[in-house]
Amino acid sequence: MRLTNYFLPVLKESPSDAEIVSHQLMMRAGMISQSSSGIYSWLPLGLRVLKKIENIVREEQDAAGVNEILMPTIQPADLWKESGRYEDYGKEMLRINDRQDREMLYGPTNEEQVTDIFRRSIKSYKELPQLLYHIQWKFRDELRPRFGVMRGREFLMKDAYSFDLDKLQSKISYNKFFVCYLKTFQRLELKAIPMAAETGPIGGDLSHEFIIISKTGESDIYFDNKLLEQENELFNINYSEDLSGLVNSYKALYAVSDDKFNQDDFDKNVSNENQTKSKGIEVGHIFSFGTKYSEAMKANVLNKDGKQATVFMGSYGIGISRLVGAIIESSNDEKGIIWPKSVSPYDIGIINLKQKDGDITSISDSVYEKLLSAGFDVLYDDKADNPGVKFSRMDLIGLPYQVIVGNKSKNDSILEVKNRKTGDISEVNIENITSFFKNN
RNA sequence: CGGGGCGUAGCGCAGCCUGGUAGCGCAUCUGGUUUGGGACCAGAGGGUCGCAAGUUCGAAUCUUGCCGCCCCGACCA
């Protein structure tokens, strides 16, 4: 993409209503535009990041054998009356009446909807487990939206649901998602720590929040340092195998957020020098809730004995739009964003330092064409601005690599490649530019 | 929902106290000079001062009501 052809409204100063760094940088880098409190439009640069994250999440759900569906944003109130949540949910749910005065709602989540889909079709234990997910916009009318996309009212979430015959089977599904989440966050280049969370009515140890450490996080977290060093081989996961060993290696180490924190337990389980207290951002939550919805909504299957059995369910969420902010929170410097390669809106930025110099411009053009045809996503600054403007703009939007084309390129056939994260500059001959990136 | 703050040009702000021709920086447009870290010169465009009512000869400024946005807290992907 040529910058002269792009919609990239960067700002020199942060808008005064942006408080935390990710919100400021998203506004400054022209990623989002606020529509109203907690509701944002996604501009080209932001949308590319959102889509990249969405795709990684999708690929990992698919790899774990979860089926993608797409449920509507608008749901009928009747389903929620069946589960009893129509009254319980309160003002956080946006309620709408259609022209026939039917009660509808903008979905804050989809347990009812997915349970309805399940019960219409699945009648036998032989068809279990069923794992379904979708990636869809949600609306929760938060008391206080804040921090840009980190706590918006409208947000994009991946939510998955499992249906199993009993608690034991349900735990197998739970473990799949546990591991799938570890792998997903690893691919997003985030250190997300699974933390024990409140389990609700069925008890046990079947709820975890995945939290990344960040000063600006909303949760207080307490955990064993060893979790930070925990490295596991996650590339060749076989989801049909028993995953409990891997899951238990995480569960064995103490990690909780504030609502489950207990100082005595902390002291008992973690030596003093390994105790860490910090703040974190919740980016995922997995939860096994048993028969809460299946019972209310009569989601039954016939078991081996030909008897009706109420299925055990779980739900598994990842906040995709929140992750955009969360990634920036954990990866930025005073100049701007530093994108992890896996989610960067473009792989490479090219800076033409002298747009008016015909030789330098034709070198820039050819480098752009070469990298494009080699399959890279490239953002090419072909504007007529001064070098300082171009450098700071490219630093702000945070692409992992910048290819700088200037006098050296014209005189000595040298391109400078700057690593955004380290600031290191490599001199690369023009001929070798494609292979340079293929090896990086 | 309780507490606090803010609304003046695309962005950041001043002006309001003490009513009298709406201003600054950046951005934008035109012409020119520049081009290795947010350039320079000359010119130009852009705002019914959030909305409404009131007081007044006269309201960005004073009064009242409404709307919007942000921050702190309790709740949440």
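Numbered from 1 within each chain, the chains take letters A, B, ... in sequence-line order.
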Original post:
Any idea which heavy atoms bring A:Thr361 and A:Gln355 closest together, and the distance?
Top reply: OG1-O, 2.8 Å
**OP:** Please evaluate the base of B:G12 for a donor-acceptor partner in the side chain of A:Arg28 within a cut-off of under 3.5 Å?
**Re:** no
Original post:
Which one is paired to B:G23, where only Watson-Crick or G-U wobble pairs with both distances under 3.5 angstrom count?
Top reply: B:C13
Original post:
Does any nucleotide pair with B:A39 by Watson-Crick or G-U wobble geometry, both distances under 3.5 Å, and what is it?
Top reply: B:U33
Subject >> Value in whole Å for how far the C1' atom of B:A27 lies from CG of A:Leu11 >> reply: 10 Å
Original post:
Which word best sums up how the rings of A:Tyr368 and A:Tyr380 line up, parallel for under 30°, tilted for 30 to 60°, or perpendicular for over 60°?
Top reply: tilted
**OP:** Let me know which of A:Val343, A:Ile327, A:Ile281 forms a side-chain contact (heavy atoms from CB on, under 4.5 Å) with A:Leu190.
**Re:** A:Ile327
Subject >> Reading 5' to 3' through nucleotides 41-47 of chain B, protein heavy-atom contacts under 4.0 Å coded B for base, S for sugar-phosphate only, - for none >> reply: -------
**OP:** Assess the side chains of A:Thr276 and A:Ser278: does a donor N or O sit below 3.5 Å from an acceptor N or O?
**Re:** no
Original post:
Can you tell me how far C1' of B:G10 sits from CE of A:Met27, to the nearest Å?
Top reply: 11 Å
**OP:** Under a 3.5 Å limit for both distances, which nucleotide forms a Watson-Crick or G-U wobble pair with B:C69, could you say?
**Re:** B:G5
Original post:
Taking CG from A:Asn407 and C1' from B:U35, how many angstroms apart are they, rounded to a whole number?
Top reply: 9 Å
**OP:** Would you check if there is a donor-acceptor pair between the side chains of A:Glu295 and A:Thr310 at a distance under 3.5 Å?
**Re:** no
Subject >> Close approaches to RNA chain B from residues 409-422 of chain A, in residue order (heavy atom, under 4.0 Å) >> reply: A:Glu416, A:Lys418
Original post:
By ring pair (Phe, Tyr, Trp, His ring centres under 6.0 Å), which residues pair with A:Trp80, not counting sequence neighbours?
Top reply: A:Tyr89
Original post:
Hey, are A:Thr4 and A:Asp382 close enough side-chain-wise for a donor-acceptor pair under 3.5 Å?
Top reply: yes
Original post:
Between A:Gln24 (CD) and B:C11 (P), how many Å, whole number?
Top reply: 16 Å
**OP:** Just call it for A:Gly317: base, sugar-phosphate, or nothing, with non-hydrogen atoms closer than 4.0 Å on any strand.
**Re:** nothing
**OP:** Provide, to the nearest angstrom, the distance between the CD atom belonging to A:Glu334 and the C1' atom belonging to B:G38.
**Re:** 15 Å
Original post:
Taking atom types as modelled, is there a side-chain donor on A:Gln230 or A:Ser249 under 3.5 Å from an acceptor on the other?
Top reply: yes
Original post:
Residues from residues 379-393 of chain A sitting under 4.0 Å of RNA chain B, heavy atoms only?
Top reply: A:Asp385, A:Asn386, A:Pro387, A:Gly388, A:Val389, A:Phe391, A:Ser392
Original post:
Is the charged tip of A:Arg322 near the ring of A:Phe155: under 6.0 Å from the six-membered ring centre and within 45° of its axis?
Top reply: no
Subject >> Nearest-0.5 Å distance that lies between atom CZ in A:Arg140 and atom CD in A:Glu92 >> reply: 7.0 Å
Subject >> B:G47 pairs with, by Watson-Crick or G-U criteria that keep both distances under 3.5 Å >> reply: none
Original post:
Using a heavy-atom distance cut-off of less than 4.0 Å, which residues of residues 345-355 of chain A contact RNA chain B?
Top reply: A:Leu353, A:Lys354
**OP:** Would you mind classifying the nucleic acid contact of A:Asp395 as base, sugar-phosphate or nothing, using non-hydrogen atoms under 4.0 angstrom?
**Re:** base
Subject >> Distance-only donor-acceptor check, side chains A:Glu282 and A:Ser219, under 3.5 Å >> reply: no
Subject >> Pairing partner of B:C62 (Watson-Crick or G-U wobble, both distances under 3.5 Å) >> reply: B:G54
Original post:
Between A:Tyr86 and A:Arg95, is there a cation-pi geometry (under 6.0 Å to ring centre, at most 45° from the normal)?
Top reply: yes
Subject >> Close aromatic pair by centroid cut-off 6.0 Å: A:Phe261 and A:Phe223 >> reply: no
Original post:
Under 3.5 Å, is there a donor-acceptor pair between the A:Tyr293 and A:Asp116 side chains?
Top reply: no
**OP:** Sort out the partner of B:U18 for me: Watson-Crick or G-U wobble, both distances under 3.5 Å, none otherwise.
**Re:** none
**OP:** Starting from C1' on B:A77, measure out to CG on A:Asn110 and report it in whole angstrom.
**Re:** 13 Å
**OP:** Taking the six-membered ring for Trp and the full ring for Phe, Tyr or His, determine whether the centres of A:Tyr254 and A:Tyr222 are under 6.0 Å apart.
**Re:** no
Subject >> Sugar-phosphate or base contact per nucleotide [nucleotides 70-75 of chain B; S, B, -; heavy atom under 4.0 Å] >> reply: SBBBBB
Subject >> Whole angstrom value for the distance that separates P of B:A77 from OH of A:Tyr181 >> reply: 12 Å
Subject >> Whole angstrom value for the distance that separates P of B:A77 from CZ of A:Phe139 >> reply: 16 Å
Subject >> Side-chain donor-acceptor pair present, A:Ser315, A:His285, cut-off under 3.5 Å >> reply: no
